[in-house]
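Worksheet: one structure, shown below.
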Amino acid sequence: MTAPLLDRTREALRAAVAAAAEASGWDIDRADIVIETPRDPSHGDLATTAALALAKEAKKNPREIAQTLKERIEASPPPEEVAPLRSIEIAGPGFLNFRFGDVWLERGLAETLGRGAGYGRSGRMEGESILFEFISANPTGPLNVVSARAAAIGDTLAALCDAAGARVGREFYINDAGRQVRLLGESLEARVLQQLGEEAPLPEEGYHGEYLVAMADRLISGTLPDWWEESDREARIGNLSRWAVDQVVEDQKAIVEVFGLRFDTWFRESTLHESGAVEETLEDLRSRGHIFESEGAVWFRSSELGDEKDRVLITGDGNPTYLLPDIAYHRDKYNRGWGRLIDLWGPDHHGYIARMSAALEALGHERKAFGVMIVQQVNLLRGGEIVKMSKRAGRLIEMKELLDEVGRDATRFFFLLRTTSTHLDFDLDLAVSANDENPVYYVQYAHARISSVFERARSEGIDPDAATLSADLSRLIEPEERVLMRLLVDFPAVVADAAEAFEPHRIPAYLRQLSAAFHHFYHNHRIVGSETEVQTARLALSVGVRQVLANGLTFLGVSAPERM
RNA sequence: GCGCCUGUAGCUCAGCUGGAUAGAGCAGUGGGUUUCUAACCCGCCGGUCGCAGGUUCGAGUCCUGCCAGGCGUGCCA
C-alpha cells in the first residue's frame, strides 16, 4: 500500500537532507537522519537535527552546516507533490525547521477521508509474522485482574501490528497437564465428597477457592458420570481433572468474549504430550548437543547460552519439568510458520526468560525472533486502599468481577493508559465513576459530540458524508482547524510507531490529545450554521476526526458511542 | 548475594529511542457558552526529574556507584 502522507514526507526530507550533506562532502548514514515533529508548533511542521549530528565530523559550527544544508535543499527541494516546502529556518544551536504550504495538511485530511475505516493502516511491518501469546493461565481457576491487563494489552498490540501490515495471531495456552491439574482434580474430588457428606480434606496445596464448590454442585446436580464409581482412584482423578479443566476453560472463554477479544487458537499442552512433540523436542536438543545427564536427571546446558545455570528437563523420577513441554510448545509455534513469537508474562516469570531464550536459540532460532513482555502487577484500589489478593487463600479479584463492576470500556481503557512495564494502580472508584473525573469519557464524549453535530446537520437537510466529497478544504484556515488536521496526519505514524515499539499506551495518549483539540475547536467555532462553504469544510474535518477517534477506539476495544 | 521492574508537580502518570522553555489528567483555586451535548472550554497555583559522579555541542533519557519501594531467584507452574 502507499505509505501514509507523513511517512512519505519524512522520507522525502530525509533524502533531500542526505543529498545536501553528500554534495557538501559530509558523510551521514541515511538512517541516522532524524526527521521529527517539533514539540513547539511554532518551530515548524517538521525538523531535523542533522546539522548538529554532522558538526563533529565536519569540524564546523552546526549553524554554518545548517546554512549550507538549507541552501542546497532550497536549490533542489523535495518533490512538491509530497513535501510542498514553503520555508526552511535555522534555529537554536542548528536545527533545520521545515514549514509546508497549506496544501500539505489539506492533502492529509483528504487522505483521512479517502481511507475511512482503513485510515491508520500502513505497510511499516509488512512481511513480518508475529504470534502473540497472552493470558495463558493455568486452567485451574477463574482469570484474575493481571490476566485482564495482559488481555487488553495483547489484544491491542496484535491489532496495532496488524494495522502496521504484519500478519498476527492471538493464542491462549492451556497448561492442562502436570501437577497443578492433578491437584485441581484432587481438590474437586474432595469438594464432591464433602457434599456427599463424607469427611474429605482438601489437599494441602490444593485449590481452596469457592468456585470448586460450585463446580462440585454442577457435577452432582446432574447424575454423576459413570466414571465416578470407577474403583481405580487414579482413573477417577484423571477424569475429574479433565472434566474440571473443560469447565474452567469454558468459563475462561466466556469471560474473554465479554472482554471483547477473540483468540485465533486455544492451544492445549496435553496435545504436545499426546503427539510425541515433547520427546521430539528433547531429541532435537540432544542431537544439537545441548543435553547431558547428571544425578539421574536430564539437563539442558542453558548456561552456555546466557542462562545463569543449567536446567533440569527430566527429573530424577522420570517426569518432565514444566520447561520441557514449554520449549516444545514454542518449537511448535515456529513449526506452524510464525517468524516471531511474543509472549506476555507476569512479573513472577521474568527469571524464566533467559532459559526459554536459550532453548529457542539452541533449536536454531534467532534470539530476536523471541520476545517476552513482562506485564507488571496490578494493584486494585478501593477507597484509596489496596485490595489484597491472595491466590492460596482463594481470595482473588476475578476478571469477571472487574468487568461486572467497571465495565468493558473503562477496564480496557485504564489498562491501556499506562506503560506495560510499570506497576499499575487501578482505582476502582475512579473507573466506575460516571463523571468528568473519569478519563474514559473524554474521548468517547468527543465522538458522541461530533455525532450529535451530524444529527443536527441532517435535521437541517445537510448530509455530512456528502460534504466530504464537495468540501473546499482550503477554507480551513483557523489555527484550531490546522491543529486538528495535523493530528490526523500523525495518526498512521502513531499507530505504526506504537506497534513497532510494542507500546499500546501511545494510542490512548494520542486520542486524548485529538479529543482535546476537537473540544477546543468546538468551543471556539460553529460548525453547523457557519457560512456555507466553511460549514461544508468543517463538516468534512469533523468526519475525519470522528473517523480517527473511532479507528483508535477500535484498536483499544473500546466502544465509540453515538450519544452519551 | 544476584536478576528484573519502578523512582518526574500534593496524587496518578506521559515525555516520541540524546535535542529547543520538562508536559497531561486529577486534586486546589478563579472564570466561561441565552446558539451544533457543560461528561466541555479558559486562567492561576504547583518541579533540585531519588542522590552523586561520568560520557558530549547538548542528559529526565546513555554509563558507573549509591539510596528507597516492589517482584523474582525450585528436579513447582
Side-chain angles (χ1 to χ4, degrees), chain A residues 34 36-40 42-43 47 49 52-53 55-56 61-62 91-95 97 137-138 140 175 178-181 183 205 295-299 308-309 311-317 319-323 326 346-354 374 376-377 379 381 384 417-427 430 433-442 444-446 448-457 459-460 490 493-494 497-498 500-501 503 505-506 508-510 512-513 515-516 518-530 535 538-539 542 563-564:
Chain A
V34 179
E36 58 188 4
T37 301
R39 206 173 285 240
D40 182 345
S42 73
H43 291 148
T49 55
L52 297 162
K56 194 166 197 178
N61 181 323
F95 294 98
N97 294 339
N138 281 324
T140 52
N175 300 122
R179 205 172 81 94
Q180 298 305 319
V181 166
L183 271 175
E205 294 176 84
E295 301 166 52
V298 179
W299 296 71
E308 60 187 39
K309 57 182 180 185
R311 305 291 173 179
V312 171
L313 295 181
I314 307 278
T315 66
D317 49 21
N319 293 312
T321 61
Y322 179 76
L323 182 58
D326 212 16
D348 51 335
H349 281 64
H350 89 258
Y352 201 76
I353 298 173
I374 295 296
Q376 285 291 342
Q377 92 188 50
N379 290 322
L381 301 179
L417 208 49
R418 305 293 180 226
T419 48
T420 309
S421 62
T422 56
H423 304 214
L424 175 72
D425 286 333
F426 192 110
D427 189 333
L430 180 58
S433 68
N435 59 39
D436 56 353
E437 285 173 37
N438 193 330
V440 184
Y441 298 121
Y442 191 74
Q444 291 185 318
Y445 185 63
R449 204 175 213 185
I450 297 173
S451 302
S452 165
V453 171
F454 292 168
E455 206 168 303
R456 173 59 182 255
S459 77
E460 297 189 7
D490 287 340
V494 170
D497 288 348
E500 282 186 320
E503 291 187 354
H505 74 278
R506 294 190 198 183
Y510 168 86
R512 290 170 79 173
Q513 228 186 318
S515 302
F518 182 80
H519 289 311
H520 185 66
F521 161 69
Y522 177 90
H523 188 259
N524 290 322
H525 302 286
R526 283 203 62 84
I527 301 169
V528 177
S530 51
Q535 170 179 283
R538 285 180 181 167
L539 282 169
S542 302
R563 61 182 63 182
M564 290 170 71

Going by 5.5 Å between centroids and 30° between planes, is there a stack of [X] over [N]?
X       : N      : value
H43(A)  : A20(B) : yes
F95(A)  : A20(B) : yes
Y522(A) : C36(B) : yes

Seminar exercise, completed: 5'-most contact on RNA chain B (nearest-nucleotide basis), E500(A) vs P62(A), goes to E500(A)
Seminar exercise, completed: Of R506(A) and Y441(A), the one whose closest nucleotide on RNA chain B sits nearer the 5' end is R506(A)
Base, sugar-phosphate alone, or nothing: which one does [X] contact when heavy atoms must sit under 4.0 Å apart?
X       : result
A457(A) : nothing
Q377(A) : sugar-phosphate
S451(A) : nothing

Exercise. Taking the C1' atom of each, how far is A24(B) from C41(B), in whole Å?
Worked result: 16 Å
For this session: Could you work out which one of U37(B), G25(B), C75(B) sits closest to the side chain of R512(A)?
Result: G25(B)
Exercise. Looking at G32(B), U37(B), C76(B), which one has an atom nearest to any side-chain atom of H523(A)?
Worked result: G32(B)
What is the pairing partner of [N], taking Watson-Crick or G-U wobble pairs with both distances under 3.5 Å in any strand?
N      : result
G1(B)  : U73(B)
G43(B) : U29(B)
C16(B) : none
A59(B) : none
U37(B) : none
C51(B) : G65(B)

On the nucleotide [N], are OP1 or OP2 found under 4.0 Å from the side-chain N or O atoms that [X] carries?
X       : N      : result
H349(A) : C4(B)  : no
H423(A) : C71(B) : no
R39(A)  : A20(B) : yes

Problem set entry | Interatomic distance, R311(A) CZ vs G3(B) P [rounded to whole Å] | 15 Å
For this session: If the glycosidic angle is within 90 degrees of 0 it's syn, otherwise anti, so just tell me which one U17(B) is.
Result: syn
Exercise. Quick one: does S542(A)'s side chain have a donor or acceptor within less than 3.5 Å of a partner on I450(A)'s backbone?
Worked result: no
Exercise. Short question: side chain of Q377(A), backbone of H423(A) - any donor-acceptor pair under 3.5 Å?
Worked result: no
Problem set entry | Check: H350(A) side chain, G3(B) base, donor-acceptor under 3.5 Å | yes
Exercise. Can you name the residues that form a side-chain contact (heavy atoms from CB on, under 4.5 Å) with S452(A), not counting sequence neighbours?
Worked result: none
